Amino acid sequence: MSVPETVSSFSEQDTEALGASIARRLRMGAVVLLNGDLGAGKTVFARGFARALGITEPVSSPTYTIVQEYELPEGRGRLYHLDLYRISSAESALGFGIDEFLADKRGISLVEWPERAAGLMPPDAVSVSICHVGESERAIDVVFPD
């Protein structure tokens with residue numbers, strides 16, 4: 001893996017803008033691993049990411065549904081927003097078909113709490129880690145694969 005790019009975010013708008021910026025750099029088939037504590041801003045990042053792909057519907061945390069699927073405009077593919085917080089193991093993740101989402105070359109997967117199924121995550125995934133610095137400030141490390 002390459003050296004992390006660290007970005008400071010001072011608002012939800014900053015975090016959304018970073019999500020949008022990263023979305024514009026990726027191709028279909030990409031996987032983005034979103035790391036961070038509860039309330040760090042993973043879903044805010046996902047909202048900005050989705051907007052950059054042309055998704056206009058509300059983007060919410062899939063904590064209870066595990067997966068939210070969004071159609072990209074003009075049939076260009078899908079965005080899969082996965083939240084593994086309630087998943088206890090890689091086997092549980094395989095039970096709902098995570099391997100199919102991660103392998104879809106016509107989709108992009110955003111995975112919150114990827115450590116819950118770490119052995120299933122592709123080695124060429126982009127890693128985004130969001131850390132609280134203050135009430136509204138975050139330090140966001142982004143690592144693109146080599």
Side-chain angles (χ1 to χ4, degrees), residues 1-2 4-87 90 92-118 120-145:
M1 288 200 138
S2 61
E5 299 172 26
T6 301
V7 177
S8 293
S9 170
F10 298 97
S11 66
E12 286 192 6
Q13 293 80 9
D14 288 349
T15 301
E16 284 184 17
L18 178 62
S21 173
I22 291 173
R24 288 186 204 103
R25 294 174 66 175
L26 300 180
R27 297 177 188 198
M28 299 309 287
V31 175
V32 179
L33 310 179
L34 297 175
N35 301 285
D37 293 333
L38 287 171
K42 296 180 298 292
T43 301
V44 172
F45 177 95
R47 187 170 51 231
F49 193 99
R51 295 291 173 259
L53 297 177
I55 296 166
T56 58
E57 65 188 277
V59 174
S60 59
S61 175
T63 301
Y64 297 101
T65 59
I66 301 176
V67 180
Q68 293 278 66
E69 294 185 39
Y70 303 94
E71 280 289 328
L72 300 183
E74 303 167 9
R76 294 179 314 182
R78 292 181 159 277
L79 172 64
Y80 304 111
H81 184 189
L82 300 95
D83 187 326
L84 305 184
Y85 184 74
R86 298 192 177 282
I87 299 298
S92 297
L94 287 169
F96 76 79
I98 191 172
D99 50 334
E100 293 176 26
F101 296 112
L102 298 177
D104 186 354
K105 297 301 178 197
R106 289 196 25 86
I108 295 178
S109 296
L110 293 175
V111 185
E112 296 188 30
W113 302 96
E115 67 276 10
R116 306 282 177 142
L120 301 176
M121 298 302 123
D124 62 345
V126 175
S127 177
V128 176
S129 298
I130 306 173
C131 298
H132 288 93
V133 175
E135 188 173 321
S136 60
E137 185 178 356
R138 306 290 187 264
I140 305 173
D141 290 334
V142 181
V143 180
F144 288 92

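On a predicted model such as this, the values are computed, not experimentally measured, just so you know.
- The closest side-chain heavy-atom distance from E112 to T43 is below 4.5 Å.
- The closest side-chain heavy-atom distance from Y80 to V31 is not below 4.5 Å.
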Subject >> Worked verdict on F10 versus V133 for side-chain contact (heavy atoms from CB on, under 4.5 Å) >> reply: CA-CA 9 Å; F10 298 97; V133 175; over 6 Å; no

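- Within the 4.5 Å cutoff, side-chain heavy atoms of R116 are placed close to those of Y85.
- A 4.5 Å side-chain heavy-atom check between V126 and P145 finds at least one atom pair inside the cut-off.
- Side-chain contact check for M28 versus L72: some heavy-atom pair is nearer than 4.5 Å.
- For E71, the salt bridge (Lys or Arg N to Asp or Glu O under 4.0 Å) test picks out R78, with sequence neighbours left out.
- Residues D104 and S109 fail the side-chain proximity criterion, which asks for heavy atoms closer than 4.5 Å.
- Counting heavy-atom neighbours within 6.0 Å of E57 CD, excluding the residue itself, gives a total above 12.
- In this structure the side chain of V59 reaches within 4.5 angstrom of the side chain of R51, judged on heavy atoms.
- Within the 4.5 Å cutoff, the side chain of I98 has no heavy atoms near those of the I66 side chain.
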**OP:** Walk me through it: do F49 and H81 pass the test side-chain contact (heavy atoms from CB on, under 4.5 Å)?
**Re:** CA-CA 10 Å; F49 193 99; H81 184 189; over 6 Å; no

